[in-house]
Amino acid sequence: MSAVRGHAISYRGDPFFDDDAFVDVEDALIISEGGVITAFGPYDEVKGQLPDGVEVTHHPDALICAGFIDTHIHYVQTGIIGAFGSQLIDWLNHYTFIEEQRFADKAHADAVAKIYFDQLLANGTTTAVTFCAMYPSSVDAFFEESERRGTRMVGGKVMMDRNAPDALLDTATSSYEDSKALIAKWHDRGRNQYAITPRFAPTSTPEQLEAAGVLWKESPGTFVHTHVSENTGEIAWVKSLFPERAGYLDVYDHFGLLGRRSVLAHGVHLTARERGRVHETGSAVSHCPTSNLFLGSGLFHIHDAKDPKRPMHVGLGTDIGAGTSFSILQTMNEAYKVAELNVYPMNSIKTFYLATLGGAEALDLADKIGSLEVGKEADFVVLDPKATPLLAYRSERAESTEELMFVLSIMADDRAVAATYVAGKPAYLRPSAQNGAM
Ligand code: GUN
Ligand code: ZN
């Protein structure tokens, strides 16, 4: 059992559509037992539920929210963040496909998985939908580390049977069999869940996409995780590879890869008709602004994505290593700026939603994670608005919780993560916070 006290924010709905969605509790108490929140609310109202002898960890100057959810990231690209000079396809060929070959070595995968989880937790990210490499052992390395940390994670083996170096290719049959075996081994083991992961349409034959669709049907509760409509050259390539399909999204639709728990990274250039289809199928789009800017892919239109006539489920993704930061706060910063470039002022109530409950809704996991609510898993992050002298100076002037959140979303990063709780226990404590400074 654990108890944490401080200023907490949460959501009871989607602030893109519901003005009453935001929850702001200036002095809150969060009690959890067995990894699940058993009480949450104003300290004065909830403290009576504290059993004798349970010590309260008080963060008087902090802002506490549900753990951040990264809806699209590649752990095997941790070592190539900031690779110079290319847009998507060149970047894949020159950097990514070289780097991912190193994950044939399980010891290397183990070492990078450890660095990756250290980074996630130091950034307040408690759930990440993760691309591994094509090697099944790279998936073992990922889930083994997740199991050690007790995190709720989603991941899978990349399926890729054309248009990449031979060393990275599987076949339609082997990718089906390897993925099936990994599902049997890891899906719903503890908090881990499996995503069937065809990399993107250009690196899969129709036979492989068909196998992925069949496997998804056979494997209830699993996810599909892929990329769509990130870059205009990529879209033209998909048209030439699948001329019989109506467009990029239709390739996935045709093979049964759209639906609830299908997570599509980017979707920068989806057409209105395609967005309608994402909406109808309940699929989700992962908005990855740091990546879209870094690779010059384009500007995601959040206002189109959240069109009340056909809203898509949207979460935020870092897309490491095309993305440039593990920080979901920095991802909010860039999401705000991308929205500004489209003349849509996205407030901090909305960006924090995308980073927490919006991500959970996108993943169909809102019954488990994404907000501070009795019955949900006790994953949360303690943010320090005084983490740096400048942040302290600026935060001091904030006149509302919304303004404080906005300042954090624009200026903060991992330095402002004082603690990350996973299943009710501190899984990360910022070094200066270890003796109770925060
Ligand atoms: N499209 C296909 N593979 C990738 C990848 O590894 N990163 C990004 N950003 N886009 C992709
Ligand atoms: Zn990606």
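In each ligand, atom 1 is the first atom listed, and ligand 1 is the first ligand listed.
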- line: Thr125 meets the side chain to side chain donor-acceptor pair (under 3.5 Å) criterion, sequence neighbours left out, with none
message: Would you say His72 and His74 are linked by a side-chain donor-acceptor pair, where the criterion is simply a distance under 3.5 Å?
response: yes
field: Qualifying residue for salt bridge (Lys or Arg N to Asp or Glu O under 4.0 Å) with Asp379, from Arg191, Lys368, Lys425, Arg152
entry: Arg191
message: Give me the nearest non-hydrogen protein atom to atom 7 (N) of ligand 1 as residue plus atom name, then the distance to 0.1 Å.
response: Trp91 CZ3, 3.5 Å
statement: Counting from 1 in the order shown, the ligand 1 atoms closer than 4.0 Å to a non-hydrogen atom of His266 are 9 (N)
task: Among all protein heavy atoms, pick the one closest to atom 3 (N) of ligand 1 and tell me residue, atom and distance.
output: Arg199 NE, 2.8 Å
- prompt: Considering only the protein, which heavy-atom contact is closest to atom 9 (N) of ligand 1, and what is its distance?
  reply: Asp319 OD2, 2.7 Å
message: Students should be able to answer this: which protein heavy-atom is nearest to atom 10 (N) of ligand 1, and at what distance?
response: Glu230 OE1, 2.7 Å
- request: Look at the aromatic rings of Phe200 and His227 and report parallel, tilted or perpendicular, splitting at 30° and 60°.
  value: perpendicular
message: Using a plain distance cutoff, I'd like to know if Glu100 has any nitrogen or oxygen under 3.5 Å from a nitrogen or oxygen of ligand 1.
response: no
Taking distance alone, no hydrogens or angles, what donor-acceptor pairs closer than 3.5 Å link side-chain atoms of residues 80-92 to residues at least two apart or in another chain?
none

- prompt: Has Lys337 got more than 12 heavy atoms of other residues, nucleotides or ligands less than 6.0 Å from its NZ?
  reply: yes
query: Would a line drawn from the ring center of Phe142 to the ring center of Phe103 be shorter than 6.0 Å?
result: no
field: For ligand 1, the portion of His74 having any non-hydrogen atom under 4.0 Å away
entry: side chain
Pairs satisfying ring-ring contact (aromatic ring centres under 6.0 Å, His included), at least one member in residues 161-199, at least two apart: Phe143-Trp186
- request: Mind checking whether Thr203 contacts ligand 1 via backbone (N, CA, C, O), side chain (CB onward), both or neither, at a 4.0 Å heavy-atom cut-off?
  value: neither
message: Among Arg245, Arg273, Lys239, exactly one meets salt bridge (Lys or Arg N to Asp or Glu O under 4.0 Å) together with Asp250. Which residue is that?
response: Arg245
statement: ligand 1 to Ala322, heavy atom cutoff 4.0 Å, flagged ligand atoms 9 (N)
message: Strictly distance-based, threshold 3.5 Å: is any side-chain N or O of Ser262 a donor or acceptor partner for the main-chain N or O of Leu257?
response: yes
- prompt: At distances under 2.8 Å, what protein N, O or S atoms surround the Zn ion (ligand 2)?
  reply: His72 NE2, His74 NE2, His227 NE2, Asp319 OD1
